[in-house]
Amino acid sequence: MTRVLVLYYSSYGHVRALAQAEAEGARSVPGTHVDLRRVPETVPEDIQRKAGFAADDTPVASPADLEAYDAIILGTPTLFGMMAGQMKSFLDQAGGLWARNALVGKVAAVFASTGSQHGGHEATLLTTQIPLQHFGMLIAGMPYTFAGQTTAEGIVGGAPYGAGTIAGVDGSRMPTQTDLAGARFQGAHVARIAARLAGAALAQQAA
Ligand SMILES: Cc1cc2nc3c(=O)[nH]c(=O)nc-3n(C[C@H](O)[C@H](O)[C@H](O)COP(=O)(O)O)c2cc1C
């Protein structure tokens with residue numbers, strides 16, 4: 001089995017909805033085992049309550065878990081133009097894995113939810129890829145073979161750098177069918193690439 005982790009942070013459920021679609025897409029590829037996990041919350045509970053954060057019973061991952069996967073798909077909201085601190089803090093705790101080159105050669109992909117169309121959507125997708133490249137991971141985007149991203153009719157999330165959605169400044173806009181289809185597409189895309197690499201590694205070992 002190829003092992004794929006979909007790992008996300010979400011305060012209001014937009015990234016969570018995309019993460020579920022990413023997992024669905026990855027599971028659609030035969031021979032793929034998929035785990036859906038979130039990173040730990042760092043915001044104090046009283047602030048979460050006041051800010052109306054959505055409850056989330058998805059199991060929490062720890063940085064040590066990352067090593068067990070062939071591919072890791074990360075989802076984050078845009079906060080002040082970049083990934084959420086919760087996600088960055090999680091990655092910053094993976095220094096031990098970096099030191100052992102434990103993630104080198106694994107597949108990575110990112111997806112994002114952003115309040116406004118030009119509030120940092122692509123910047124979040126691209127800059128979230130930076131630490132993943134420091135880990136030596138191979139970045140998979142959301143290729144134009146997912147044609148939904150090219151529409152000029154209405155608002156669409158995502159880019160060649162990854163799937164996404166535009167939540168609206170008040171968060172009232174949940175991911176559209178096109179955004180969810182993009183996330184499913186990316187999940188399947190990553191699972192297929194990871195399976196090919198895992199198959200090639202097995203063939204090399206056998207040779
Ligand atoms: C602290 C904070 C900072 C934010 N910064 C931005 C921003 O820079 N650009 C933007 O378009 N939206 C911004 N937003 C809106 C979030 O991107 C939006 O709430 C998020 O995509 C919703 O995803 P979620 O439901 O998964 O939490 C911000 C929201 C918060 C709470």
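Being a predicted model, the structure only gives us computed values, none of them experimental. Remember, it's 1-based here, ligands and their atoms both numbered in the order they're listed.
- Residue pairs meeting the side chain to side chain donor-acceptor pair (under 3.5 Å) criterion with at least one member in residues 153-170, sequence neighbours excluded, are T165-D179, D170-S172.
- When heavy-atom distances to ligand 1 are checked against 4.0 Å, the residues falling inside are S10, S11, Y12, G13, H14, V15, P77, T78, L79, F80, G81, S113, T114, G115, S116, G119, ordered by chain and number.
- Here the shortest heavy-atom pairing between A19 and Y8 reads CB-CD2, 3.6 Å.
- Of all heavy-atom pairs spanning V43 and Q48, the tightest one is O-NE2, 2.8 Å.
- Each of T2, V29, V107, D70 was evaluated against I193; a single residue qualifies, V107, per the side chain to side chain contact (heavy atoms under 4.5 Å, CB included) test.
- One side chain, S89 or Q93, offers a donor N or O that lies under 3.5 Å from an acceptor on the other.
- Remark: D65 does not engage R37 in a salt bridge, criterion side-chain N to carboxylate O under 4.0 Å.
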